[in-house]
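Taking it in order: structure first as structure tokens, then the write-up.
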Amino acid sequence: MTLPLIDPLSLSWRSESGAPAPRRIQLADDTLNADTAYRYASEGTGLLWQGDFHNARQLLQALVRRADRKPRKANKSAATPPTPAQSFHLHRQALGQRARTLGMVLVPLQADYSIPLRRAPDLQLACHEAWGPSNGQACMVSLRELLGVVGAHEWRKKGVEIAALGAPPHSRIHPHYGVFSPIRGEYVDLVARTPLPDTSLAFDIGVGTGVLSAVLAKRGVQHVVATDQDPRALACAHDNLQRLQLLPQVDLVQTHLFPPGQAPLVVCNPPWVPARPSSPIEHAVYDPDSGMLRGFLSGLREHLTPQGEGWLILSDLAEHLGLRSREALMGWISEAGLQVLGRHDIRPRHSKVMDTSDPLHAARSQEVTSLWRLGSAV
């Protein structure tokens with residue numbers, strides 16, 4: 001089957017990551033070799049694919065191999081080793097450049113999210129789940145981002161097993177596109193194991209997938225008020241809590257940080273790293289200037305009952321990276337009129353802890369995730 005050539009000028013640009021449209025567009029097909037494609041992509045030229053869809057995926061894989069080639073080792077005696085903070089920023093810069101280069105392979109989408117390429121799969125359901133109804137315009141999108149939509153669709157179908165929720169089938173959380181998946185279970189385990197100060201009411205600040213609200217409800221908290229300002233997160237939490245048959249115990253509220261009133265337990269798992277996110281989903285990891293963390297601490301006392309506890313779940317990775325000090329954290333706690341009632345620690349179990357090739361391995365190998373029990377200072 002021969003498909004007509006696609007006019008780039010007839011396509012709008014779509015990017016959920018907020019990446020700008022390439023300044024130059026080059027039509028590309030199965031005759032383009034990987035080295036030439038990598039040169040174009042590195043220069044910021046978008047390659048709008050006209051050929052076989054599976055060949056586009058193979059080209060992207062070839063670009064990944066080229067982007068991940070290890071650079072030549074520098075003369076170690078010629079420069080001072082970077083600080084942990086410098087290593088972190090250099091690592092993020094490298095990841096950003098890699099993402100920009102790999103994002104230059106583009107595919108067209110029709111107004112109904114169908115793909116007008118040979119051997120193209122039907123990804124309409126995955127696109128509808130991620131992006132909602134079409135705006136009625138044909139567009140072009142990064143193939144890498146489109147494959148991310150497919151991956152999110154598969155995660156949403158399969159779900160993530162959460163041991164703290166009990167036995168299957170009521171023990172899986174199904175993350176939606178753009179909502180951070182609870183694949184790191186340490187923070188869930190901390191909330192599942194720490195003794196509850198009260199079971200009448202809890203606030204869950206930044207509900208995300210709803211996993212912590214679900215754990216609290218499973219532990220016997222009679223009423224949970226869960227907040228988030230992201231509509232995607234609220235929809236995801238609603239679906240998960242409904243599937244787990246816990247929705248009657250949880251109220252979902254769209255707001256920044258706290259709902260009105262006070263509670264004997266207020267739980268928050270803010271982003272752990274004070275840095276600027278480069279895409280919407282990174283807001284779950286990166287918190288510029290520790291804004292959410294500081295906002296939670298400064299408002300916590302006002303929303304706690306007199307003997308209530310605030311549970312702050314936080315990794316100390318930022319401390320090992322030199323991005324935030326323990327002294328700063330303790331200072332913010334004190335300035336907010338709070339005191340530390342206790343702390344429970346857990347070591348991470350993710351694979352990067354053991355990956356010595358990771359540029360941030362030294363910091364990751366020392367990381368500890370803590371649940372800080374906070375109360376109003378006397």
- CD-CD distance between E302 and Q262, expressed to the nearest 0.5 angstrom: 8.0 Å
- Would you mind listing every side chain to side chain donor-acceptor pair (under 3.5 Å) that reaches into residues 161-170, with sequence neighbours excluded? E161-S171, E161-R172
- Item | Y286 six-ring centre to R92 NZ/CZ under 6.0 Å and within 45° of normal | yes
- Message: Show the nearest heavy-atom pair for residues Y38 and A67, with the distance to one decimal.
- Response: OH-CA, 3.6 Å
- Please answer: with hydrophobic residues joined when any side-chain heavy atoms are less than 4.5 Å apart, are L317 and V368 in the same cluster? no
- Within-4.5 Å side-chain heavy-atom neighbours: D204 and D228: no
- Message: I need the full list of side chain to side chain donor-acceptor pair (under 3.5 Å) pairs touching residues 125-144, with sequence neighbours left out, sorted by first then second residue.
- Response: E129-H153
- Using the rule that two of Ile, Leu, Val, Met, Phe, Trp, Tyr join whenever any of their side-chain heavy atoms come within less than 4.5 Å, decide whether L48 and M104 are in one cluster. no
- Message: According to a hydrophobic-cluster definition based on side-chain heavy atoms being under 4.5 Å apart (Ile, Leu, Val, Met, Phe, Trp, Tyr only), do V340 and Y187 belong together?
- Response: yes
- Query: Does Q307 CD have over 12 foreign heavy atoms under 6.0 Å away?
  - Reply: no
- Residue pairs passing the side chain to side chain donor-acceptor pair (under 3.5 Å) test with at least one member in residues 234-253, sequence neighbours excluded, are H176-D239, H223-D251, N240-R243
- Message: Could you check whether R193 pairs with E186 (Lys NZ or Arg NE/NH1/NH2 to Asp/Glu carboxylate O, under 4.0 Å)?
- Response: no
- Query: For the atom pair OG1 (T255) and CD (Q229), what is the distance rounded to the nearest 0.5 Å?
  - Reply: 8.0 Å
- Item | Donor + acceptor pair across side chains of N33, T36 (<3.5 Å) | yes
- How would you list, by chain and number, every residue that makes a ring-ring contact (aromatic ring centres under 6.0 Å, His included) with H303, sequence neighbours excluded? F258
- Query: Hey, does W332 have a side-chain heavy atom less than 4.5 Å from the side chain of R324?
  - Reply: yes
- Task: Taking the side chain as every heavy atom from C-beta outward, state whether R301 and L338 have any atom pair closer than 4.5 Å.
- Result: yes
- Note, S114 side chain near Q124 side chain (heavy atom, < 4.5 Å): yes
- Short side-chain donor-acceptor distance under 3.5 Å, S315 and E367: yes
- Residue pair E154, K157: steps toward the salt bridge (Lys or Arg N to Asp or Glu O under 4.0 Å) verdict: CA-CA 5 Å; E154 294 303 318; K157 284 197 303 183; 3.5 Å; yes
- Item | Carboxylate-amine/guanidinium proximity below 4.0 Å for D287 and R294 | no
- Are there more than 12 heavy atoms of other residues, nucleotides or ligands under 6.0 Å from atom CZ of R23? no
- Message: So if I apply the side chain to side chain contact (heavy atoms under 4.5 Å, CB included) rule between I173 and each of V211, I183, V179, which one comes out positive?
- Response: V211
- Item | Min side-chain heavy-atom separation L329-W372 under 4.5 Å | yes
- Should the pair D345-R343 be classified as a salt bridge under the 4.0 Å nitrogen-to-oxygen rule? yes
- Query: What residue among L371, L300, N269, L293 forms side chain to side chain contact (heavy atoms under 4.5 Å, CB included) with L312?
  - Reply: L293
- Task: For A164, check side-chain contact (heavy atoms from CB on, under 4.5 Å) against everything at least two apart and list the hits.
- Result: I162, V188, A192, V215
- Message: How long is the straight-line distance from CG of L60 back to CG of N55, given to the nearest 0.5 Å?
- Response: 12.5 Å
- Task: First locate atom CG of L117, then atom NE2 of H54, and finally report the distance between them rounded to the nearest 0.5 Å.
- Result: 10.5 Å
- Heavy-atom count around D289 CG within 6.0 Å, excluding the residue itself: above 12? no
- To the nearest 0.5 Å, what is the distance between CD (Q254) and CG (L234)? 5.5 Å
- Could you tell me which residues satisfy ring-ring contact (aromatic ring centres under 6.0 Å, His included) with H256, sequence neighbours excluded, listed by chain and number? none
- Note on the structure: Rounded to the nearest 0.5 Å, the OG1 atom of T194 sits from the CD atom of E309 at a distance of 9.0 Å
